[in-house]
Amino acid sequence: MELKVGCNSYMTMDEVNEYINSTYASATPERKAWEALSDDDKAVTIIKSTRLVDRDSMLYKGRKVDRFQKMQFPRDEYPVCPKEIKEGIILIALRELVYSDTEEMNMINKGIKSFSDGGGFSMSFNTSDSIIGKKVNGISIDIFNGYFAGYSLVS
């Protein structure tokens, strides 16, 4: 699998790798998870995150420059895909790699508020005022607010 700018991605693999290498220290879970992937799996991960971000044209301000273009950018207000959108796509990919399959996140996503093993161990999740699990158009709200909100019609 290959990243093709304007076709299935807004970035080349070199751009993605440079961002990750300059943003995350080598010992961080994000960088370790990324480096453990094959090149094909890296591409699949970025393409999957790009599809999530790119699926709804009503999410973004302005119109596509060409109504037949495959992706949401460029748009009349943004002649190139904004840096924040690209960074948000990478963050979605890394979060999915590192955090999506933890037992705690699986329980939270299933609506479990607490559990006990019957042997004295118990755990509770306080998600009432948390951003965990809250999404805007399928994107975690903290990522949406930090990277996409400035380009979005959704508030």
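Judged by distance alone, with hydrogens and angles left aside, the side-chain atoms of Tyr151 form no donor-acceptor pair with the main-chain N or O of Ile85 at under 3.5 Å. With hydrogens and angles disregarded, a donor-acceptor distance shorter than 3.5 Å links the side chain of Ser152 to the backbone of Leu59. The main-chain N or O of Ile20 is never found under 3.5 Å from a side-chain atom of Thr23 such that the two would form a donor-acceptor pair. Judged purely by atom type and a 3.5 angstrom limit, Asn8 has no side-chain atom pairing as donor or acceptor with the backbone of Leu3. Counting only distance, with no hydrogens or angles, the side chain of Lys64 and the backbone of Gln69 share a donor-acceptor pair below 3.5 Å.
A side-chain N or O of Asn17 and one of Trp34 form a donor-acceptor pair less than 3.5 Å apart. Side-chain contact annotation: Arg31 with Asn21, donor-acceptor N/O pair under 3.5 Å present.
Looking at residues two or more places apart in sequence or on another chain, you find a side chain to side chain contact (heavy atoms under 4.5 Å, CB included) between Leu91 and Tyr24, Ile143, Tyr147. Considering only residues two or more places apart in sequence or on other chains, Thr12 meets the side chain to side chain contact (heavy atoms under 4.5 Å, CB included) condition with Val5, Asp14, Glu15.
Note that NZ of Lys42 is 7.0 Å distant from CG of Leu37, once rounded to the nearest 0.5 Å. The CD1 atom of Ile92 lies 14.0 Å from the CZ atom of Arg51; values are rounded to the nearest 0.5 Å.
For Phe148 against Val53, the heavy-atom pair with the smallest separation is CE2-CG1, 3.4 Å.
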